[in-house]
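Report on one structure; see the data block that follows.
Everything numeric in this text was worked out from a predicted model, so none of it was measured.
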Amino acid sequence: MNYFFLLLLLLCSSVVFGQQDYLAYYQQLNQGKLAALDGRMDSAVQYYHNTFERFEFVFARDVMHAIQLAAQAKDSIQLPYFLELALKKGISIDELRNINDLIDYKEASFWTPLEKKADSLHTIYNQSVNWEIREIINEFLTEDQKVRDRYYSTPFWKRRKIGKEWEALNRQQIEKMIDITHQYGFPGEKLIGWDDQQMHPKLNGKRLSAGAPIVIFIHHYSQPNPSVDSLLFDQVKLGNLYNEHFATICDFEAKFGKAKYPTLGYFGWKHTDDAILPAKYDERRRKIGLLSLCDQMRLDNAQILTSFWRHLY
């Protein structure tokens with residue numbers, strides 16, 4: 001076993017003792033995805049249902065996938081459960097109506113009661129979001145994008161000064177997000193909900209992603225900077241940071257860090273290194289609950305689920 005990972009597991013075990021370990025969450029959903037790839041749709045739906053019943057917090061993307069699987073399995077028993085859960089996760093009733101897989105269910109008896117409860121269920125989502133911290137992250141993204149736009153609209157031979165300003169801004173923002181993480185947990189979907197286009201024109205609410213803080217981390221690690229992998233890995237285990245987002249950050253660290261600081265290395269999620277064998281990627285991916293490279297490729301090709309993972313925000 002990679003000794004860095006072993007150390008992280010030992011450090012995190014005391015933190016997550018008595019709390020839900022979200023590595024098990026991802027592993028169980030992966031079993032559902034693999035079942036779907038093998039054509040066992042009923043089993044896939046059951047994996048998702050059992051996982052959602054077991055864990056206090058679930059991610060909106062995963063609920064949308066559960067809806068798609070239940071519709072493909074023609075499971076009219078589990079489907080209303082997933083749809084109601086989606087409303088609690090902030091997905092609008094209009095968005096649910098527009099899911100292609102649900103065309104055959106538009107006249108189902110469960111739609112009218114669901115529509116009547118839609119507003120009250122959406123309130124549950126609104127009350128779960130820390131809107132004060134959400135506004136901080138929105139402001140961070142706005143500031144970051146303003147500097148980014150200035151940087152790329154300036155001739156490359158004049159960018160150095162703006163680049164230094166951008167780096168300093170991101171450094172301050174990362175320090176603040178680390179403080180937030182220590183106090184509240186990582187500002188991911190559990191804490192700040194998922195991104196909406198009203199928060200920034202570059203955000204796409206259809207991605208069901210808390211990608212705004214990840215953008216800041218990506219820009220910070222587009223040059224060598226000290227790693228906070230141990231802190232972030234802990235947050236993955238606690239369900240505060242989506243494992244795909246963690247892999248994204250780590251890949252940027254590995255790609256642009258120039259080996260200046262120790263990191264967990266590549267996960268092959270957004271960036272790869274030709275010198276790394278697939279088995280090494282799979283070993284790392286397994287430890288954070290990602291499908292193997294081969295199974296991920298199978299999932300991409302099958303197109304049975306919306307490929308949210310291809311989009312950060």
Applying the ring-ring contact (aromatic ring centres under 6.0 Å, His included) test to F217, which of F256, F186, F140 qualifies?
-> F186

Under 4.5 Å between any side-chain heavy atoms of R207 and W194, yes or no?
-> no

Ignoring hydrogens and angles, tell me if any N or O in the side chain of D195 forms a donor-acceptor pair with the backbone of A212 under 3.5 Å.
-> yes

Non-hydrogen side-chain atoms of F110 and E84 separated by less than 4.5 Å = no

Side chain N98, main chain D94, donor-acceptor under 3.5 Å = yes

Is there a donor-acceptor pair under 3.5 Å between the side chain of Q31 and the backbone N or O of Y47?
-> no

Main-chain N/O of L299 paired with Q303 side-chain donor or acceptor, under 3.5 Å = no

Validation row: V45, Y81 side chains within 4.5 angstrom (heavy atoms) | no

Hey, could you give me the NZ/CD1 distance between K255 and I218, rounded to the nearest 0.5 Å?
-> 14.0 Å

Would you call K280 and E283 a salt bridge, using N to O less than 4.0 angstrom?
-> yes

Can you tell if the side chain of Q145 reaches within under 4.5 Å of the side chain of P201, non-hydrogen atoms only?
-> no

cation_pi(R159, Y151) dist<6.0 Å, angle<=45 = yes

Less than 4.5 Å apart, any side-chain heavy atom of D62 and any of F52?
-> yes

Within a strict 4.5 Å, meaning less than it, do heavy atoms of the K33 and L291 side chains meet?
-> yes

Per ring-ring contact (aromatic ring centres under 6.0 Å, His included), H271 is matched among Y266, F252, Y221, Y281 by F252

What class does the angle between the rings of F59 and F57 fall in, given that below 30° is parallel, 30 to 60° is tilted and above 60° is perpendicular?
-> perpendicular

Should L203 and I214 be regarded as members of a common hydrophobic cluster, given that ILVMFWY residues are connected when their side-chain heavy atoms come within less than 4.5 Å of each other, either directly or indirectly?
-> yes

Inter-residue atom distance F82.CZ - H49.NE2, 0.5 Å rounding = 6.5 Å

Is there a path from I192 to I124 through hydrophobic residues (I, L, V, M, F, W, Y) whose side chains come within less than 4.5 Å of each other?
-> yes

Is it true that R61 and E189 have a side-chain N and a carboxylate O under 4.0 angstrom from each other?
-> no

Donor-acceptor pairs under 3.5 Å, side chain of residues 102-109 to any protein atom, not counting sequence neighbours: which ones?
unit_1, atom_1, unit_2, atom_2, d
K106, NZ, R97, O, 2.5

Is any side-chain heavy atom of N130 closer than 4.5 Å to a side-chain heavy atom of R134?
-> no

H182 and L231, any side-chain heavy atoms less than 4.5 Å apart | yes

same_hphob_cluster(F55, L290) at 4.5 Å side-chain heavy-atom cutoff | yes

Do side-chain atoms of T142 reach the backbone of N138 as a donor and acceptor pair under 3.5 angstrom?
-> yes

Judged by atom type as modelled, is there a donor-acceptor pair below 3.5 Å linking the side chain of Q68 to the main-chain atoms of T306?
-> yes

